[in-house]
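These numbers come from a predicted model, not from an experiment. Heavy atoms only: backbone and side chains are in, while hydrogens, waters and symmetry mates are out. Numbers restart at 1 for each chain; the letters A, B, ... are given by sequence-line order, proteins then strands.
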2 protein chains.
Amino acid sequence: MTHRQIDSTKFAERVSSWLTEPGPEGDVVVSSRVRLARNLADYPFVTKLAPERAVELAERVKEPLSALRLGGPMQWVPIHEAPAILRLCLRERHLVSRDLAPSAEERAALPGRAVAFSDDETVSVMVNEEDHLRLQAMSAGFDLATAFQRAQTVDRELEQRLQFAVSETYGYLTCCPTNVGTGLRASVMLHLPALSLVRPELEKVFLAVQRTGLALRGLYGEGSKATGDFYQVSNQITLGRDENQLTAELVDLVASIVRFERNVRDSLFKAQRAALTDRVSRSLGMLRSARFMTTDNALAHLSNLRIGVCLGLWPAGSVPLVNRLRIQIQRGHLQALSAREAPTELAEPSARDRLRAALLRRELAERN
Amino acid sequence: MTHRQIDSTKFAERVSSWLTEPGPEGDVVVSSRVRLARNLADYPFVTKLAPERAVELAERVKEPLSALRLGGPMQWVPIHEAPAILRLCLRERHLVSRDLAPSAEERAALPGRAVAFSDDETVSVMVNEEDHLRLQAMSAGFDLATAFQRAQTVDRELEQRLQFAVSETYGYLTCCPTNVGTGLRASVMLHLPALSLVRPELEKVFLAVQRTGLALRGLYGEGSKATGDFYQVSNQITLGRDENQLTAELVDLVASIVRFERNVRDSLFKAQRAALTDRVSRSLGMLRSARFMTTDNALAHLSNLRIGVCLGLWPAGSVPLVNRLRIQIQRGHLQALSAREAPTELAEPSARDRLRAALLRRELAERN
């Protein structure tokens with residue numbers, strides 16, 4: 001059970017099974033995620049951890065992580081041994097954070113860093129990222145309860161075999177003070193094309209999110225811009241409240257954003273049905289015919305297809321298809337999918353734009 | 001043989017047979033045109049012509065015009081009796097000038113105005129436009145000789161039955177002094193997408209045209225902007241030179257523009273084949289999928305398809321197909337083609353954009 005068993009191409013072809021169904025409120029909510037930050041009591045935090053102790057820690061958690069059975073058998077990938085392309089794919093699948101993806105500094109490849117993830121990709125645990133362990137559970141659509149339950153199950157199973165650093169006053173201790181307490185961050189990825197079209201409405205949502213002490217961000221977490229109208233809402237507070245309170249706030253807010261987005265969609269659909277149909281149809285035409293396609297362009301067109309599916313304007317399409325393409329058009333996946341024809345190092349931008357266009361033409365041909 | 005025999009819809013469906021072959025140098029030259037301005041000796045110029053005398057003049061020329069047999073039997077359309085939609089179609093087919101097309105002022109509908117044109121549309125004669133008679137002959141591609149020969153044949157046949165106003169010193173007398181002498185204007189419609197891409201090269205062409213005393217204009221003659229990279233070159237001088245000199249100058253200049261455009265196309269094709277393929281493919285995708293399409297947008301995409309055909313990037317396409325669509329996507333043709341589903345008055349812009357998109361989708365489906 002090592003990374004050597006993972007063929008990047010096969011991995012890129014078989015996109016996370018949990019994404020193959022739209023999930024609850026799948027017209028607006030792409031996915032729900034819960035992560036828990038945990039540290040072992042008898043090791044210094046990662047920032048103070050000597051390389052040999054990091055390796056030792058990884059060895060120690062490997063077996064308990066491998067023993068988990070929620071979501072199928074676990075894969076174990078030591079980051080410093082994994083090829084750059086696989087790490088990039090893991091990042092694009094949201095199985096590892098930016099810190100564990102390939103970078104210029106190659107801090108990512110520090111010894112002892114690893115990721116364990118379940119066969120269905122609903123559960124993953126990063127080792128020696130910011131904290132010793134970062135447990136993550138995913139679910140399709142708007143389903144924080146399931147994600148939370150999965151994370152909690154993993155947490156409890158691990159707690160039986162590992163001693164976590166806990167303070168009776170504060171709760172779980174974490175490397176960064178912003179995570180102390182529950183160590184919980186819950187987030188929901190939203191697709192808000194209608195609200196994005198009506199700027200002032202979207203600003204109302206931003207204000208509401210800020211007032212609640214939550215955060216709204218683009219697709220890849222902090223500091224990233226919304227591409228293709230995908231946004232992520234997450235909690236900021238981890239201390240002084242319990243897990244149920246934290247997720248309940250988020251659930252309420254997301255539910256109201258979902259209603260808001262749907263109302264704007266309905267109005268747009270009534271007032272501008274023809275223009276929306278034109279928009280969806282043009283995007284489909286463009287994705288089926290372009291020979292070069294940038295990521296941003298592709299995401300913008302896929303955003304149009306997604307709303308096209310939800311409004312019944314593209315009968316041959318489906319939310320899971322768009323979800324899958326949104327992942328597969330990314331750099332690592334593209335490269336892995338074309339491994340048989342292209343060199344294994346990361347292709348240059350124009351070659352990637354060509355591969356991306358070819359993938360989209362292939363996948364969308366004949367789907368009317 | 002009146003306009004009542006002309007069904008606008010059938011007229012719009014059956015586009016000018018001479019446009020159904022590309023003609024010589026059809027990759028760059030769309031069409032060649034020669035027009036002769038002639039006036040009857042015993043009538044005042046149109047600007048001084050009383051309405052009843054204009055009607056009398058029309059009656060007098062109707063029979064000689066109808067007797068012409070070059071290019072098939074002649075149609076006779078009295079402008080004041082023709083429906084607006086037919087007049088618009090005639091304008092879009094270049095069979096009448098802007099002055100005879102429907103306008104707010106309706107000067108066009110003055111009594112005595114008419115057009116006679118041959119079944120194949122290579123020959124047309126406007127009656128009581130700026131001059132009593134405006135003879136026009138067209139040919140596909142770069143073939144001024146044929147157009148000139150046709151115009152001359154018509155001129156000679158009419159001269160046997162009508163007495164033209166001629167001065168021994170100046171030549172043919174015309175209403176506007178700029179036409180005195182030969183009364184000849186020769187023009188060539190060019191498609192210059194490659195030169196249009198390389199601004200400084202196109203400016204060189206403009207300068208060369210000006211130096212030669214010729215004029216370069218957009219698609220619909222004086223004052224109009226080039227849409228879809230279509231330009232018209234014509235002579236300005238009509239006095240003091242004979243017809244052969246005038247057309248020879250134009251022929252030389254056009255031949256050099258054709259070489260120039262082809263050289264730039266070759267360079268672009270070598271250096272940016274992939275980008276050009278993308279451009280052609282995207283335009284095809286867009287024309288096949290859009291639900292609304294403005295004229296300018298459609299012409300720009302059709303321009304890409306035309307160069308796509310010429311560079312072998314769109315095997316299922318052809319120059320005549322693009323030529324035909326360029327005419328049929330225009331307002332009058334669109335309206336005439338949809339007469340069975342839409343009201344007969346001119347539809348509003350958004351309805352036209354919808355009809356245009358539907359026509360293009362229908363015509364371009366399955367042509368890969």
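Contacts of B:Ala275 with chain A are made by backbone atoms alone, with heavy-atom separations under 4.5 Å and no side-chain atom involved.
Remark: B:Asp278 CG to A:Met293 CE distance equals 7.5 Å, nearest 0.5 Å. Here B:Ser281 contributes atom OG and A:Arg361 contributes atom CZ; the two are 6.5 Å apart, rounded to the nearest 0.5 Å. In this structure, A:Met286 CE and B:Met286 CE are separated by 3.0 Å, a value rounded to the nearest 0.5 Å.
Here the side chain of A:Arg291 pairs no donor or acceptor atom with the backbone of B:Val280 at under 3.5 angstrom.
Within a 6.0 Å sphere centred on CZ of A:Arg282, other residues, nucleotides and ligands contribute more than 12 heavy atoms. For A:Arg265, the CZ atom counts as densely surrounded, since its 6.0 Å shell holds more than 12 non-hydrogen atoms of other residues, nucleotides or ligands.
Taking all atoms of both residues into account, the shortest heavy-atom contact from B:Gly285 to A:Ser289 is CA-OG, 3.3 Å.
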